[in-house]
There are 2 protein chains.
Amino acid sequence: MTRREPRPRERGIPEATVARLPVYLRALQALSESGTPTVSSEELASRAGVNSAKLRKDLSHLGSYGTRGVGYDVGYLVYQISRELGLTQDWSVAIVGAGNLGRALANYGGFGTRGFRIAALLDAEPALVGDRVAGLSVGHIDTLEGVVEAENVSIGVIATPAQAAQAVCDRFVGAGVTSVLNFAPVVLNVPPEVDVRKVDLSIELQILAFHEQRKADGREGPERIGTLDAPPGPAGGQ
Amino acid sequence: MTRREPRPRERGIPEATVARLPVYLRALQALSESGTPTVSSEELASRAGVNSAKLRKDLSHLGSYGTRGVGYDVGYLVYQISRELGLTQDWSVAIVGAGNLGRALANYGGFGTRGFRIAALLDAEPALVGDRVAGLSVGHIDTLEGVVEAENVSIGVIATPAQAAQAVCDRFVGAGVTSVLNFAPVVLNVPPEVDVRKVDLSIELQILAFHEQRKADGREGPERIGTLDAPPGPAGGQ
DNA sequence: CCCACTTTGTGCGCGTGTTCACAAGGGCGT
DNA sequence: ACGCCCTTGTGAACACGCGCACAAAGTGGG
Ligand SMILES: NC(=O)c1ccc[n+]([C@@H]2O[C@H](COP(=O)([O-])OP(=O)(O)OC[C@H]3O[C@@H](n4cnc5c(N)ncnc54)[C@H](O)[C@@H]3O)[C@@H](O)[C@H]2O)c1
Ligand SMILES: NC(=O)c1ccc[n+]([C@@H]2O[C@H](COP(=O)([O-])OP(=O)(O)OC[C@H]3O[C@@H](n4cnc5c(N)ncnc54)[C@H](O)[C@@H]3O)[C@@H](O)[C@H]2O)c1
């Protein structure tokens, strides 16, 4: 009858953990640079802004890399997390849309240092093609497929206006890209093997506004001034 | 002993729902502009990229605004969601850091149209103060407290280098700002009444890399080529 | 060599979120 | 006026993630 297991957690690492590993990694790299040899879960958790039990459980998914009574070896943990996240290899990224955001991204130095190489910056606007941004020459969107193949691009970044985003995404997918980071405020349609992550600044602001309004309601509320019933938001959950 | 309740869901709307309301709102506004009077949960869910049962449950938290056998009145729902999110009032935003990202944000037109007004763009670099960006003059960071008060700023955006972020955040909090959107790759420390949301592009790329690596493992795996056991990621969960 | 101390790794209960599936409800045609 | 059909709203089961609390395990001192 072949009962399909609900989701065999393909190799064991929960999505929520994956999202936190980069935060731990950053904290560990800072420790490493300051020469700290080992760190306790309590200390590292504090720097990462999480509960120490959660941190230990997260790390336990990678294996037993701690020493009881001592803590974790910083250098070793840096390596293990990097390996698990796939940062021991380099990844080529193509950015489409050389507007405000695309240029800011291309100019940002923080990517290269983490194994992400910006292979191309493409745009549809002829006037922009050829511009030099951060040592990169803006290419024409029609070269997308060629660039993806030639540069072995595996991550596509969409920084075009909303109305162009789906078409750009389709071209990425058609060219074989299976990971997309989308800044345009639209829901992208992709086949199931493609991962899409979206960054939507308007949504972030709207969520903040929601909580802000709630706080204000509490403050100006009719007859429960100063009650401070419950923390008005998820308080600090970054 | 004042036991602090875990979180009594202060007025009933789950956090996960709040995060989706802006997506529904955007889809509804598009429908509204195209003159569609009503929409079914199935149709709206499809446009928002979610399951229709989830959509109905989300909307049910706002009240019973649908009509059985018909669907939801587009205009009415736009209003209800806007009101719930606090978008019927205007919010003043201050951006600190007039670098690549700060300028891109200031230049972005998509905020004003949703009730967010950029009240100020501040920087510590004297050479930048006075620059005009998107009809705004870059102010000096030392005017932060004054601007927050004068412009009634309730949301602070941090677009400075990582090392300056905590200090800027402290000044925001000191000035009375209780909502912060942070682009710098650091964990901010704030009192519990302050909401922090972070946008971290490096983390997004690292998460994509993780799934990409996993997909590659499956493809090149020793003896299970083409098995396609389980979808390698949360497949399309943007 | 043993004991006290520190810190990891995890079992377990709990709250949150997701999805299915269906009864209840309302419109519309006849 | 009645009944059919469509769509909502939600109960219930299930999956997931969180954090407490503690046993297991390793360290260092005497
Ligand atoms: N700038 C921001 O701070 C910000 C904030 C939130 C969201 N966004 C979103 O990010 C996206 C980009 O924003 P921006 O401010 O950089 O916009 P922009 O208008 O400055 O840049 C968009 C660029 O995309 C190019 N483009 C248009 N159609 C294209 C196509 N089919 N193929 C390739 N390139 C194409 C344009 O020529 C332009 O250079 C938009 O969807 C916007 O909604 C931006
Ligand atoms: N540009 C991107 O695409 C990108 C991507 C990911 C993350 N980030 C992060 O966003 C932040 C800003 O990035 P950016 O590319 O705009 O950097 P940037 O260096 O171009 O701009 C930073 C600005 O902040 C100003 N600043 C420095 N210290 C300050 C202080 N104490 N008070 C006020 N202003 C101060 C600087 O003068 C500068 O103008 C960084 O933390 C970066 O890591 C940027």
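Within every chain, numbering begins at 1; the chains are lettered A, B, ... in the order of the sequence lines, protein sequences first and strands thereafter. All heavy atoms count here, side chains included; hydrogens, waters and symmetry mates do not.
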* Can you tell me how far P of C/dT8 sits from NZ of A/Lys54, to the nearest Å? ->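 Rounded to the whole Å, the gap is 17 Å.
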* Asked: Can you check the A/His61 NE2 to D/dC16 P distance for me, whole Å?
  ->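 After rounding, the reported distance stands at 12 Å.
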* Asked: Checking side-chain contact (heavy atoms from CB on, under 4.5 Å) against B/Val23, which of A/Val186, A/Ile203, A/Asp200 comes through?
  -> A/Ile203
* Asked: Under 4.0 Å between a side-chain N/O of A/Ser41 and OP1 or OP2 of C/dT8, yes or no?
  ->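 Answer is yes, contact under 4.0 Å.
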* Output yes when at least one side-chain N/O atom of B/Tyr72 is less than 4.0 Å from OP1 or OP2 of C/dG26, else no. => no
* To do: Determine yes or no for a side-chain-to-main-chain donor-acceptor pair under 3.5 angstrom, with B/Lys215 supplying the side chain and A/Glu193 the backbone.
  =>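 Judged by distance alone, yes, a pair lies under 3.5 Å.
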* Asked: Between A/Ser82 (side chain) and A/Val78 (backbone), is there a donor-acceptor pair under 3.5 Å?
  -> yes
* To do: Identify, between A/Asp58 and B/Leu59, the residue whose nearest nucleotide on DNA chain D lies closer to the 5' end.
  =>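 Of the two residues, B/Leu59 wins.
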* When the aromatic ring centroids of A/Tyr65 and A/Tyr72 are compared, is their separation below 6.0 Å? ->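 Judged by ring-centre distance (under 6.0 Å), A/Tyr65 and A/Tyr72 do not meet the cut-off.
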* Heavy-atom closest contact (B/Trp91 atom, B/Ser154 atom, distance) -> CE3-OG, 3.1 Å
Selection from [options] that lies nearest to any side-chain heavy atom of [X]:
X	options	answer
A/Arg68	D/dG19, C/dT8, C/dG17	C/dT8
A/Ser64	D/dT8, C/dT8, C/dG9	C/dG9
A/Pro14	C/dG26, D/dG17, D/dG26	D/dG17

* Quick one, which residues of residues 29-37 of chain A touch DNA chain D with a heavy atom under 4.0 Å? -> none
Quick test: give all pairs of protein nitrogen or oxygen and nucleotides 20-22 of chain D nitrogen or oxygen below 3.5 Å, distance rounded to 0.1 Å.
residue, atom, partner, partner atom, Å
D/dC20, OP2, A/Asn51, ND2, 3.4
D/dA21, N6, A/Arg56, NH2, 3.3

